[in-house]
**Q** 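What follows is a single structure, and I will ask about it in a moment.
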Amino acid sequence: MKEAIDQIFKELADLKAASAKEVEEARIRFLGKKGEVTALMEQFRTVAPELKREYGQRLNELKKAANARIEELKFKVEESEVASAPKEDLSMPGDSFPLGSRHPVSIVRQQIVDIFRKFGYDVAEGPEIEDDYHVFEALNFPPNHPAREMQDTFFVSTGHLNPLLLRTHTSSVQVRTMEKQSLPIRVVCPGRVFRNEAISARAHCIFHQVEGLYIDKDVTFADLKQAILLFAREMFGPETEIRMRPSYFPFTEPSAEVDVSCNICHGKGCNICKGTGWLEIMGCGMVDPNVLKASGIDPNEYSGFAFGMGVERIAMLKWQVNDLRHYFENDMRFLQEFATATEV
Ligand code: DAH
């Protein structure tokens, strides 16, 4: 029996297994019901009493060693299986991440600018924090003139002759352009403007405008009308008609407000155009001689027209989203609606 035990110890030491199946076979060979170790345990009953103590101990050690060796082989096989398995599962679908898209206001602003660029207009920009002179005075709003009431203003600094303020319209960029650019001038000025308005579906304290200015010799109201008609047809479709209503702005004379034919009901009357068949899109007019003079342009030699429109207003008409607040809240569900709306 002693030799048999030693022999099994040796076999255990030499034991090898390359797979889980071979480990299991080894377990059965030594420790299974008919296994070599199990068989020795059974033989133990026939061992002479004086040898029982020694052999008993030795057998127990053998059983432990056999268990330990099987466990060891099992562990090794598992480890090598993990090591040889591919590290990444290349068949797993990739993580998707949402792509950003342009804001609807940016899309429409760009469309407006692109249309005028096609007509030969340059783009001009100016500061959002402006002085009173460029927002009001040079545009023929005298100090304390009631026309200033048309635009509730956020002041940044007051108490001196030329207070700083958040520009209430992009018409201020007209003035800056006239001051520094040589004639003729043909520019559009997109930008953010600020007014002290209570926020509602129809008004906001921040919004966007695109201003236009064309100054040359012999520019007439007919040129203005044609430029706006062409713009309206590019923006709202070739069937679009415009009409002009007399209006008042300090910086233009004569002044007008422009309506486009409703592109929803085509003039029949609907709830978007409030049954009139027309939608207001901008203010415009011939640049007032006082405005030309203030920026050093001789009104006897040059004339020009100007116009100004609200970008959100155009976006509302284009997409029938009639609550202005949607454009500022940046709710992802709203923004995602415009992810593919980039065509003019
Ligand atoms: N600045 C005007 C506004 O904010 C819009 C405007 C009207 C601009 C007539 C113009 C214009 O250039 O000619 O309400």
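Because only heavy atoms are used, hydrogens play no part in the values below, and waters and symmetry mates are left out as well, while side chains stay in. Fair warning: this is a prediction, and the values are worked out from it, not measured in the lab. For ligands, and for the atoms within them, numbers begin at 1 and follow the listed sequence.
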**Q** For F251 and H169, take the angle between the two ring planes, folded into 0 to 90°, and tell me which bin it lands in: parallel under 30, tilted 30 to 60, perpendicular over 60.
**A**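 Ring orientation of F251 relative to H169: perpendicular.
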**Q** Please give the remaining members of the hydrophobic cluster of F75, linking ILVMFWY side chains under 4.5 Å, ordered by chain and number.
**A** none
**Q** Are F194 and F207 an aromatic pair by the rule of ring centers under 6.0 Å?
**A**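 No; F207 has its ring centre 6.0 Å or more from that of F194.
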**Q** So R27 and L73, side chain to side chain contact (heavy atoms under 4.5 Å, CB included) or not? Walk me through it.
**A** CA-CA 10 Å; R27 189 189 67 77; L73 287 174; over 6 Å; no
**Q** When you check ligand 1 against the protein, what N or O pairs turn up below 3.5 Å? List the atom names and distances, or just say none.
**A**
| residue | atom | partner | partner atom | Å |
| --- | --- | --- | --- | --- |
| ligand 1 | 1 (N) | H169 | ND1 | 2.9 |
| ligand 1 | 1 (N) | S171 | OG | 3.0 |
| ligand 1 | 4 (O) | R195 | NH2 | 2.7 |
| ligand 1 | 4 (O) | Q209 | NE2 | 2.9 |
| ligand 1 | 12 (O) | Q174 | NE2 | 3.3 |
| ligand 1 | 12 (O) | E211 | OE2 | 2.5 |
| ligand 1 | 12 (O) | F307 | N | 3.3 |
| ligand 1 | 12 (O) | F307 | O | 3.4 |
| ligand 1 | 13 (O) | A306 | O | 3.2 |

**Q** Mind checking what makes salt bridge (Lys or Arg N to Asp or Glu O under 4.0 Å) contact with E36, not counting sequence neighbours?
**A** R29
**Q** List, one per line, each side-chain donor-acceptor pair under 3.5 Å for residues 275-282, sequence neighbours excluded.
**A**
| residue | atom | partner | partner atom | Å |
| --- | --- | --- | --- | --- |
| T276 | OG1 | C273 | O | 2.7 |
| T276 | OG1 | W278 | N | 3.1 |
| T276 | OG1 | W278 | O | 3.1 |

